[in-house]
Amino acid sequence: MNSCKKRIIHYLCVITKANEIMRKNNLSKWSITPDIDGMLYFAQRIDEMLFDYSLDTYKGRLFNSFMLCAEALDCINKMKTNLISSQNLSHIIEELNWSLENDKVIDALLKNEKSLFYPLKAQDSFENLEPILELLSIRILPTKYEAKCRELLINHIKANKKKAIDSLLESWLCLIKVWGYSDEWIYHYSNNYFFNSTNNIDNIAYLDGFFNSFQFKSKEYDAYLIVNKILRTVITNSEFNRNFVICDNIPAEIGGEKAKFQRRKTEKDIYVKWHIPKCFDIYSARESAIHAIDNLRDLFAFFHHKVKPQIQEAILIVEKGTTIGYCVDKQTPPIAKGSDAYVNVATQKLNKLLNGIIPATDTMEKIDSVMNLHSLCVENSNPTNQLLNLWTAIEIIIPINPQKGGDKIQQIAGTLGKALTLGYCHRIFFDVFKSAKQWNNPQLISYINNVPERVGTQFERFVAFIIFPEYEEYRKQLATELSDYPLLRHRLHFLNQNYSTIKDITKILTKHEKKLGWHLRRLYRARNSIVHGSSHVFFIENLITNLHTYIDEFTSLILMLVQDKQSITTIEQGVKYINLAYDHKMSILKNAKITLTNDNYKSILFGD
């Protein structure tokens, strides 16, 4: 039981970590005027989308229309060799149709010819769909798509159209990341450009410099690594060497952060150099070098049958033709975004779990297995291993009913989709509530106090303040105070516009569950691709982060039903409870006679 305790508390340290809130940026160089409100929103939004700990809902989509088209063609190729079943294609086509319908870039590129390609018929055979998808992909090639997307994005930033900025930014970021720019470089560059600039930002023309920095021209880099001496023999052996060169010292002419890098070396280490002929930025260069040295370490471990030789995580990256060295350390892994600061909270939850109602033995064994797989993911930083272990955890924690019918992924998507949709409204509102409190807690409370105390807790009164029409004038006053925070201002407006009626709430939740289903099937395809020998999975780190979140939320829900509500003792009972709660919620939402009131909004939104 002690090992189980350790795994559970380690797991709870991660899942009890509070969702990070949107961050208030340094605006000391900004002149806040309506003319540049769209640019400030764009800057705050791109910062939020690329920040490691933002809510996954606000990180944006991974696949734009071009990527979905490529994904569908890849699926067809795998169907031809019987690697995947034909059922996979219909879900991709369904998502592609949704994307084509809402994509402003597609409208601008295809114009009147859009009707030739949209809507695609998901029930068509792949023999009929393949040539249509090939024609479509030619019409929206990445060069064409990026140029038009950038043009439209700049125009909508200048026009301060925030909804359009959101969708176009998602599509643009997706494409430039596939092209080769790393999340880390885009994040640090945009943050420095907009929020750590030495220049005054008072004109929309400042935006041009940001986009002009993305020239899509690859560069050459040399990467210097610090590795254990035990690899010397492997590197000098021509049979195993993967183009690494042993260096006695770092070249004297290299400056920058060389000294910082050299301090990492011990007497057990040596320097090795790896050349990267084509790369867009220093973070991508580091990943290329790490991938190469990891292959060599794996090869060594395979023959040595012991642990892999150690390396220093920091790598010195030098662009060819320059003498500036950048000491690039390991970035935040997708699985390791918890915080030890929450260990006391985790301990309390563990004690509550172990001292309260104990789940049935079979359920406890499954939870223990999930914790164990989670720990393996933390210990092993290889992305493919992490994704495989996390998907195994999904198959352990989600019961599959043979009598129910449907394949495995259909049941997993159905169960997880309902579970994650039940808590969606609470996640969204609570995230914005925390952000508003961080902005100005006393001022926010002064607005919330316009809602009678009998309505409920401070959070519940905040929700009422946002959604009910009687507080419209107060909301307008709050909006004027957020002139330098258009991201929060727009988020509050979005909640009001999309959660104030039963019809709107139903639309939001239905779309969310549908997108979850598409994405869970994408995760399953990624898992199958790895198992069948695929060498590359697009956005694998983002997929790991998403999958990690889904497991955490579902496991947390099961533990809550066991401990807090004392409603279940087995996971199977938990799934039944989730199905009943979901069906009940949707039946209420489909009742056209119901309207939101102070008496029912909490039960409708949060199931309280």
Side-chain angles (χ1 to χ4, degrees), residues 19-51 53-55 57-60 104 149-150 152-173 186-187 189-197 199-211 428-441 443-444 447 462 465-467 471-500:
N19 288 322
E20 292 288 345
I21 52 185
M22 65 176 77
R23 303 181 306 149
K24 193 74 183 294
N25 309 103
N26 173 23
L27 303 179
S28 59
K29 292 294 182 178
W30 285 74
S31 298
I32 307 300
T33 65
D35 292 340
I36 60 173
D37 188 66
M39 181 167 66
L40 179 54
Y41 177 77
F42 167 79
Q44 292 177 342
R45 185 72 179 96
I46 195 171
D47 179 75
E48 178 185 46
M49 289 176 71
L50 295 170
F51 182 52
Y53 303 107
S54 293
L55 205 63
T57 297
Y58 300 133
K59 282 184 169 291
K104 294 181 182 296
C149 188
R150 183 191 299 215
L152 292 173
L153 180 54
I154 292 172
N155 290 340
H156 282 89
I157 291 170
K158 292 178 178 178
N160 198 13
K161 302 294 184 181
K162 294 182 176 64
K163 184 178 179 181
I165 292 171
D166 275 348
S167 62
L168 289 165
L169 176 56
E170 287 181 3
S171 293
W172 185 69
L173 277 181
I186 304 168
Y187 171 73
Y189 174 72
S190 61
N191 196 273
N192 287 330
Y193 189 85
F194 289 114
F195 303 121
N196 291 302
S197 174
N199 301 313
N200 292 324
I201 304 175
D202 56 8
N203 193 293
I204 196 69
Y206 188 76
L207 188 66
D208 297 334
F210 174 79
F211 284 103
I428 296 300
F429 273 96
F430 197 69
D431 180 77
V432 179
F433 174 61
K434 290 188 299 178
S435 298
K437 284 172 70 70
Q438 185 205 43
W439 161 70
N440 190 327
N441 190 43
Q443 193 68 355
L444 177 67
Y447 281 106
F462 167 78
F465 174 78
I466 295 301
I467 66 175
Y471 307 111
E472 175 66 19
E473 290 304 315
Y474 296 116
R475 287 195 296 270
K476 288 180 179 178
Q477 292 176 26
L478 175 58
T480 62
E481 297 188 42
L482 292 169
S483 59
D484 64 345
Y485 208 167
L487 180 61
L488 179 56
R489 182 183 354 122
H490 179 68
R491 195 64 46 76
L492 292 169
H493 176 72
F494 177 85
L495 292 181
N496 172 261
Q497 294 296 301
N498 290 275
Y499 291 87
S500 295

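Judged purely by atom type and a 3.5 angstrom limit, Asn496 uses its side chain to pair as donor or acceptor with the backbone of Ile466. A donor-acceptor pair is defined here as one N or O able to donate and one able to accept, closer than 3.5 Å; such a pair exists between the side chain of Ser435 and the backbone of Asp431. In this structure a side-chain-to-backbone donor-acceptor pair under 3.5 Å is present from Asn26 to Ser28. Not one N or O on the side chain of Trp439 forms a donor-acceptor pair closer than 3.5 Å with the backbone of Leu444.
Proximity of Phe462 to Val432: side-chain heavy atoms (C-beta onward) are separated by under 4.5 Å at one or more points. Considering only heavy atoms from C-beta on, Leu492 stays 4.5 Å or farther from Arg475 through its side chain. The side-chain heavy atoms of Met39 and Trp30, taken from C-beta on, include a pair separated by under 4.5 Å. Looking at heavy atoms from C-beta onward, Glu472 lies out of side-chain contact with Gln477 at the 4.5 angstrom threshold.
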Problem set entry | Derivation and outcome, side-chain contact (heavy atoms from CB on, under 4.5 Å), residues Asn25 and Phe194 | CA-CA 9 Å; Asn25 309 103; Phe194 289 114; over 6 Å; no
For this session: Take Asn199 and Lys29 through the test side-chain contact (heavy atoms from CB on, under 4.5 Å) and record every step on the way to the result.
Result: CA-CA 7 Å; Asn199 301 313; Lys29 292 294 182 178; over 6 Å; no
Exercise. How far apart are the C-alpha atoms of Tyr485 and Gln44, what are their side-chain angles, what is the distance that settles it, and do they pass the side-chain contact (heavy atoms from CB on, under 4.5 Å) test?
Worked result: CA-CA 8 Å; Tyr485 208 167; Gln44 292 177 342; 3.8 Å; yes
For this session: Would you sort out whether Asn160 and Lys162 count as a side-chain hydrogen bond (donor to acceptor under 3.5 Å, both in side chains), showing the intermediate values?
Result: CA-CA 6 Å; Asn160 198 13; Lys162 294 182 176 64; 2.9 Å; yes
Problem set entry | Step-by-step ring pair (Phe, Tyr, Trp, His ring centres under 6.0 Å) determination, Tyr193 to Tyr206 | CA-CA 10 Å; Tyr193 189 85; Tyr206 188 76; 4.4 Å; yes
For this session: Check the pair Leu40, Ile201 against side-chain contact (heavy atoms from CB on, under 4.5 Å), reporting the backbone distance first and the verdict last.
Result: CA-CA 10 Å; Leu40 179 54; Ile201 304 175; over 6 Å; no
Problem set entry | salt bridge (Lys or Arg N to Asp or Glu O under 4.0 Å) evaluation trace for Asp37 with Arg489 | CA-CA 11 Å; Asp37 188 66; Arg489 182 183 354 122; 2.8 Å; yes
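No hydrogens or angles considered: nothing links the side chains of Thr33 and Asp35 as a donor-acceptor pair under 3.5 Å.
Environment of NZ in Lys437: crowded, with over 12 heavy atoms of neighbouring residues, nucleotides or ligands closer than 6.0 Å.
Rounded to the nearest 0.5 angstrom, Ile467 CD1 and Asn498 CG are separated by 12.5 Å. To the nearest 0.5 Å, atom CD1 of residue Ile186 and atom CG of residue Asn191 are 13.0 Å apart. Considering CD1 of Ile46 and OG of Ser190, their distance stands at 4.5 Å, rounded to 0.5 Å. Rounded to the nearest 0.5 angstrom, Leu168 CG and Arg150 CZ are separated by 13.0 Å. Atoms CZ and OH, from Phe51 and Tyr58 in turn, are 15.0 Å apart once rounded to the nearest 0.5 Å. For the atom pair Phe42 CZ and Met49 CE, the distance stands at 9.5 Å (nearest 0.5 Å).
Taking the six-membered ring where tryptophan is involved, the planes of His493 and His490 are tilted, since the angle between them lies from 30° to 60°. Taking the six-membered ring for Trp and thresholds of 30 and 60 degrees, Phe465 and Tyr474 have ring planes inclined between 30 and 60 degrees apart.
Among all heavy-atom pairs drawn from Lys59 and Ser54, the shortest one is CE-O, 3.7 Å. Scanning both residues, Ile165 and Ile157, for their nearest heavy atoms gives CD1-CA, 3.7 Å. Annotation for Ala164 and Ser167: closest pair O-OG, 3.1 Å, computed over non-hydrogen atoms.
Centroid-to-centroid, the aromatic rings of Phe210 and Tyr189 come within less than 6.0 Å. Between Tyr499 and Phe429, the gap from one ring centroid to the other is short of 6.0 Å. Proximity of the aromatic rings of Phe211 and Trp172 is defined here by a centroid distance below 6.0 angstrom, and this criterion is met.
The pair Arg491-Glu48 counts as a salt bridge, with a side-chain nitrogen and a carboxylate oxygen less than 4.0 angstrom apart.
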